[in-house]
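A short write-up of the structure that comes next.
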Amino acid sequence: MKIYEENNSVVLEGVEDFNIKHIFECGQCFRWKKEENESYTGVAKGKILNVEEKGDKIYLNNTNLEDFNNIWHDYFDLGTNYTEIKNKLKEMDEYLDKATDFGWGIRILKQDQWEMLISFIISSNNRIPMIQKAIDNLSKKFGKFIGEYNGKEYYAFPTPQELSRASKEEIRACQTGFRDKYIKSTADAVANNNDNVYGYSMLDTEQCRKELLKFNGVGPKVCDCISLFGMQKYDTFPVDVWVKRVMQEFYVDEDMSLPKIRAYALDKFGELAGFAQQYLFYYARELGIGR
DNA sequence: GTCCAGGGCTCGC
DNA sequence: GCGAGCCATGGA
């Protein structure tokens with residue numbers, strides 16, 4: 001892979017296992033929006049970035065080599081060999097063989113722990129477009145203005161302090177619905193009790209899970225998503241309706257409970273369970289498997 | 001009106 | 001530690 005800077009952009013030439021549609025639409029993130037030219041613009045780490053694909057080149061627009069080295073290299077998990085991961089998954093069974101071919105360019109982003117905590121509380125019993133809307137509203141209302149890009153204004157995700165200053169009613173006004181009380185309670189807990197969510201990455205998967213489950217509005221599924229997308233716990237397997245469908249279609253009985261599906265997958269996919277989950281989720285959702 | 005979404009909480013065993 | 005009900009909002 002060749003990396004160089006030109007015209008306020010960083011170009012990645014010949015990067016393996018990288019497809020922007022797969023990455024941004026596999027359900028792991030909520031703040032990346034597709035532009036008219038098929039590129040994606042989003043906010044992460046308090047910066048606005050646009051990502052564009054042209055042939056075998058990936059253009060990271062509105063950034064420079066310094067930010068690439070400090071932020072984006074890690075954010076896009078470019079230090080991990082996804083070819084190797086996919087090959088191991090392919091050897092497991094025919095369904096993963098298909099799913100990894102289908103979503104060949106997926107990478108699990110290393111996103112902000114706190115942002116994942118609140119985002120996936122909002123996700124509970126909700127739809128993806130509604131989740132995106134609520135997060136946008138919260139950011140616009142309580143986050144810092146970062147700047148403009150391509151004629152649009154962008155805001156950072158609010159910090160724990162910024163969000164805890166909001167009332168339950170103000171949070172609800174951002175279209176969070178009945179989850180308003182969960183968000184308020186969690187924001188207060190993190191801001192006031194100094195619950196150090198940024199330290200949970202250092203804990204092992206089980207300890208991390210126990211800490212996250214203490215928050216109001218965080219159950220098994222939400223907890224697994226935060227662990228996987230915010231804390232690099234790859235030996236987790238979030239089971240939502242889509243994953244339940246694809247698992248029942250290919251692996252287990254119709255009447256198996258969610259906790260048992262989770263246990264089954266952890267046992268079967270082991271250290272790679274989180275990666276398997278992403279490929280299966282994207283495969284199931286894009287193809288409408290089980291509906 | 002009915003159904004459903006990247007579920008969580010509470011209770012009873 | 002489980003399973004079963006109950007709870008909840010907004011869009012299609």
Side-chain angles (χ1 to χ4, degrees), chain A residues 21-32 99 103 106 108-109 111 115-138 168-187 189 206 209-231 233-234 236-250 252-267 269 273-291:
Chain A
K21 179 180 185 333
H22 298 170
I23 291 173
F24 296 129
E25 294 187 18
C26 70
Q28 60 178 328
C29 52
F30 302 109
R31 299 207 69 194
W32 291 88
I106 289 177
I108 298 188
L109 301 172
Q111 303 181 76
E115 184 175 333
M116 290 302 98
L117 174 56
I118 298 300
S119 297
F120 280 98
I121 286 177
I122 295 171
S123 81
S124 77
N125 223 21
N126 207 347
R127 291 174 202 242
I128 290 179
M130 288 299 296
I131 303 166
Q132 293 170 332
K133 210 179 289 180
I135 294 172
D136 264 0
N137 290 339
L138 284 176
K168 188 159 74 76
E169 289 69 26
E170 287 175 311
I171 291 172
R172 193 183 191 71
C174 293
Q175 293 181 278
T176 55
F178 62 87
R179 310 155 192 91
D180 57 350
K181 51 188 175 293
Y182 301 153
I183 297 169
K184 180 63 181 159
S185 154
T186 298
E206 263 317 298
R209 180 177 173 78
K210 274 173 87 178
E211 291 297 328
L212 286 173
L213 285 172
K214 288 180 185 168
F215 292 111
N216 208 346
V218 178
K221 152 66 173 64
V222 168
C223 169
D224 283 340
C225 284
I226 303 165
S227 303
L228 179 57
F229 302 132
M231 300 177 178
K233 304 304 181 198
Y234 300 113
T236 55
F237 195 82
V239 183
D240 60 31
V241 290
W242 286 105
V243 174
K244 180 181 169 225
R245 281 174 190 149
V246 71
M247 289 300 287
Q248 287 173 340
E249 185 84 12
F250 297 143
V252 302
D253 286 340
E254 273 282 326
D255 55 353
M256 189 181 276
S257 70
L258 298 183
K260 283 185 178 165
I261 294 177
R262 178 177 185 276
Y264 174 92
L266 286 180
D267 181 56
F269 307 131
F275 296 101
Q277 193 270 3
Q278 275 303 277
Y279 292 113
L280 289 172
F281 175 87
Y282 185 68
Y283 188 60
R285 185 156 174 268
E286 290 288 316
L287 297 184
I289 288 172
R291 292 208 61 181

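We use all heavy atoms of the structure for the numbers below, so side chains are in, but hydrogens, waters and symmetry mates are not. Proteins get letters first, then strands, A, B, ... in listed order; numbering begins at 1 in each.
- The side chain of A:R179 contributes no N or O atom lying less than 4.0 Å from OP1 or OP2 of B:dG7.
- Where A:Y182 and A:Q28 meet DNA chain B, the nucleotide closest to each residue was compared, and A:Q28 sits on the side nearer the 5' end.
- With both ends at atom P, the span from C:dT9 to B:dG1 equals 16 Å, rounded to whole Å.
- Between A:Q175 and C:dG11 there is a side-chain N or O to OP1 or OP2 distance below 4.0 Å.
- OP1 or OP2 of B:dC9 lies within a sub-4.0 Å distance of a side-chain N or O belonging to A:N216.
- Atom pair A:F120:CZ and B:dG6:C1' shows a separation of 7 Å (rounding to whole Å applied).
- The stretch residues 241-250 of chain A comes close to DNA chain B through A:V241, A:W242, A:R245, each having a heavy atom under 4.0 Å from the strand.
- Comparing the C1' positions of C:dC7 and B:dC4 gives an interatomic distance of 15 Å, to the nearest angstrom.
- Remark: A:L258 CG to A:K244 NZ distance equals 6.0 Å, nearest 0.5 Å.
- Going from atom CD1 of A:I121 over to atom P of B:dC9 covers 9 Å, rounded to whole Å.
- Under the rule for a salt bridge (charged side-chain N to carboxylate O under 4.0 Å, His left out), A:R285 has no partner lying at least two apart in sequence or in another chain.
- Here A:D267 contributes atom CG and A:K260 contributes atom NZ; the two are 14.0 Å apart, rounded to the nearest 0.5 Å.
- Using a 4.0 Å heavy-atom cutoff across all strands shown, A:P129 reaches no nucleic acid atom at all.
- The C1' atoms of C:dA8 and B:dC3 are separated by 14 Å, rounded to the nearest whole Å.
- Residue-level contact check: A:S257 touches the backbone only, with heavy atoms under 4.0 Å from sugar-phosphate atoms and none from bases.
- Proximity of A:S124 to the phosphate of B:dG8: no side-chain N or O atom is located under 4.0 Å from OP1 or OP2.
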